[in-house]
Amino acid sequence: MRGFLASSIGVTCAAALALPLTPPAAATTAATVRTATVLPDATARQVPSAEAPGSTQSLALAPLPSPTHDRVRGPAAEQGLSRQDVRRFSLVGVIWDDPDVELHGRVQVRTRAAGTGTWTDWQDVETHNGDHAADPGTAERTSGRVRGATAPLWVGDSDGVEVRVRAEPPAPRVEDTARGPHTATDTAPLPSGLRLELVDPGAEPPTTPDAEPPTPDAALGAAGTRQALQALQAPQAPQAPQAPRDLAPTAEPVEAPAATDASAANAGLAPLGATEIPALTRQETEQELLTLRTPQLPEEQRVKPKIGPRPRIVTRRGWGANESLRERTFVYTKKVKAAFVHHTASGNGYRCAQASSVIRGIYRYHVRSMGWRDIGYNFLVDKCGNIYEGRAGGVAKPVLGAHTLGFNTNSAGIAVLGSFGSKKPSAAAVKAIARLTAWKLGLHGANPRGKTYLKSGGGNLYRKGKNVRLNVISGHRDGFATACPGWQLYRKLGSARSTAARYQGR
């Protein structure tokens, strides 16, 4: 069967250049607010045109000048750079050495549009991003490759950049001295190893389906693919991830076999190599539910299924995932008891036609810049309501993600592309959340309007090992003290729960 699967998809073999971070330049003095000009950085990570599409340029930040009377303990209170000689990029973020250190301060960037030469205004980058991560103590978290990072920001096609990172304003404190109480201030130090990541997501994927014609077995429909479903969709125990791949530039290309595996994980849902998983009717979805043999499916769900119609889902091949970037193995949890809704905090300045590019940029940022094994979310949704497959391993399977620190086990992460602190999400995006959760949670017999218990893996709200009662459809902030998914999206979750339950026939 594996031979059949491996021979049933044609993909282009491409190699990705993966470069390790170089030691950061030593911080020296404190800084006032201004922009510094930095000499070309010889350590910038770049992918030649002969390599896999897409690239990451990694540029070390430098301390900015400051008045001599400023006193700062630790790394400089402000760092930045100005570069007008960079290759084109569309997404930016800032990373640092220690993933357990928070950046207490403000990160701002402005970029120059390629072609027009017009500079944008300064834009804020979301600094609180460590809550989107693998659980503490897991193999993914302790790989030695994970770094602290801001959220990525989508800026569109650009060829120039300026960035400034400021530490928090001094926090007053009272010290006892020989002359009595004295109010003193310290500037919070910035994390060490600050670097600016400029991500080129690469070319758009093909716009027409390019799956190979179905084989005689596949042409038999559901009955003909039953063996493939049983082999690939059967319950699987959690797997330990393989050791991190060698990230040297000479690493062996793995795009073809990795792409085969990613597509085969969805066998029975769509032809191998398909760019999308088509929508099904309610009746077709109920029939499929019995075929998938979802682990721990309640008996009543088999007799009278409560599941929403399967929505259309763009596959990883559909949005152009370079499968050579991620780790090869898939890691599964036992089931999906809850869905956590997120926003990517990457800004709202994208068109729906650019959604695949945004996802490829986030994917590369998560893996190459932040050091994760794959994109962190299980699914992504754009402003037009399109749904995309996230972390590889099969959309119908309980794939372990890295989206809600402390609660990745037995859950799925759904991220809406955009920032929704003050901007309302589109009605199409909220409806897509409802459609997706009605189907995905229905595979495991979960009621979208119900409650469930998840055991905390450790975080800033719940201690490790605590059983926490949560909504089956929760916002990220329900499991971790964070602003995600933004207040405007969070307040729409009640509507999403009701709509999802209605789709399930409840």
Side-chain angles (χ1 to χ4, degrees), residues 93 95-105 126-152 168 188 191 238 240-241 331-345 362 365-366 370-379 390-391 398-416 419-421 437 441 446 451-487 489-490 493:
I95 64 171
W96 54 91
D97 294 339
D98 190 342
D100 295 320
V101 171
E102 289 191 43
L103 194 162
H104 295 286
E126 175 59 60
T127 59
H128 300 292
N129 190 49
D131 44 350
H132 301 76
D135 290 348
T138 60
E140 183 171 4
R141 178 72 177 186
T142 59
S143 66
R145 297 189 290 115
V146 180
R147 292 174 284 274
T150 68
E168 285 183 329
V331 182
Y332 298 97
T333 184
K334 291 182 179 179
K335 63 182 303 184
V336 176
K337 299 171 63 177
F340 285 97
V341 177
H342 305 256
H343 68 169
T344 58
I362 293 173
Y365 185 71
H366 281 184
M370 297 179 65
W372 295 356
R373 67 191 321 273
D374 194 351
I375 193 170
Y377 309 112
N378 297 103
F379 298 93
R391 181 163 287 204
V399 178
L400 180 67
H403 48 82
T404 306
L405 195 151
F407 291 101
N408 291 300
T409 298
N410 295 335
S411 71
I414 302 169
V416 181
S419 302
F420 303 105
T437 53
L441 294 171
K451 303 279 187 178
T452 191
Y453 282 91
L454 293 179
K455 182 177 290 186
S456 172
N460 63 0
L461 274 183
Y462 303 103
R463 61 174 173 78
K464 184 176 182 178
K466 180 178 176 60
N467 281 320
V468 182
R469 190 168 185 258
L470 295 162
N471 288 311
V472 168
I473 298 179
S474 286
H476 187 180
R477 63 176 62 188
D478 294 322
F480 198 95
T482 175
C484 183
W487 170 245
L489 177 55
Y490 185 75
L493 295 187

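- In terms of the ring-ring contact (aromatic ring centres under 6.0 Å, His included) criterion, H343 has no residue partners (sequence neighbours excluded).
- Scored by the side chain to side chain contact (heavy atoms under 4.5 Å, CB included) test, T482 finds D131, H476, R477, F480, C484 as partners (sequence neighbours excluded).
- Residues K455 and T409 fail the side-chain proximity criterion, which asks for heavy atoms closer than 4.5 Å.
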When you look at T127 and E102, which way does the side-chain contact (heavy atoms from CB on, under 4.5 Å) test go after all the steps?
-> CA-CA 8 Å; T127 59; E102 289 191 43; over 6 Å; no
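- Of all heavy-atom pairs between Y377 and H132, the closest is OH-CD2, 3.4 Å.
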Determine, stepwise, if the pair I414 / I473 fulfils side-chain contact (heavy atoms from CB on, under 4.5 Å).
-> CA-CA 10 Å; I414 302 169; I473 298 179; over 6 Å; no
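- Every residue was checked against the ring-ring contact (aromatic ring centres under 6.0 Å, His included) condition with F379, not counting sequence neighbours, and none meets it.
- Remark: S474 pairs with no residue by the side-chain hydrogen bond (donor to acceptor under 3.5 Å, both in side chains) rule, at least two apart or across chains.
- Side chain of N410 to main chain of K337: no donor-acceptor pair is present (N/O by atom type, distance under 3.5 Å, no hydrogens or angles).
- Taken to the nearest 0.5 Å, the CE atom of M370 stands 11.0 Å off from the CD1 atom of I375.
- Legend: residues meeting side-chain hydrogen bond (donor to acceptor under 3.5 Å, both in side chains) with T437, ordered by chain and number and at least two apart, are absent.
- Residue N378 holds its CG atom at 4.5 Å from NE2 of H403, rounded to the nearest 0.5 Å.
- D478 approaches L470 most closely through the heavy-atom pair O-CD2, 3.6 Å.
- Note that CG of N408 and OG1 of T333 are 9.0 Å apart. Values are rounded to the nearest 0.5 Å.
- Taking every heavy atom of both residues into account, R391 and L400 meet most closely at CD-O, 3.1 Å.
- Using a 4.5 Å cut-off on side-chain heavy atoms (C-beta onward), L461 and F407 make no contact.
- Taking K466 as the reference, Y462, R463, V468 meet the side chain to side chain contact (heavy atoms under 4.5 Å, CB included) condition, with sequence neighbours excluded.
- In this structure, the side chain to side chain contact (heavy atoms under 4.5 Å, CB included) partners of A134, at least two apart in sequence or on a different chain, are T138, E140, R141, A402.
- Listed by chain and residue number, R469, N471 satisfy the side chain to side chain contact (heavy atoms under 4.5 Å, CB included) test with K451 (two or more places apart in sequence, or in another chain).
- Summarising the geometry of F420 relative to P485, their closest heavy-atom pair is CB-O, 3.8 Å, with the distance given to 0.1 Å.
- Looking at D135, its side chain never comes within 3.5 Å of a backbone N or O of L405 through a donor-acceptor pair.
- Atom-to-atom distance recorded for N467:CG and T452:OG1 is 10.0 Å, nearest 0.5 angstrom.
- Atom-to-atom distance recorded for L103:CG and N129:CG is 11.0 Å, nearest 0.5 angstrom.
- Of all the heavy atoms in A149 and Y365, the pair that sits closest is CB-OH, 3.6 Å.
- The two residues G457 and P136 have their closest heavy-atom pair at O-CD, 3.5 Å.
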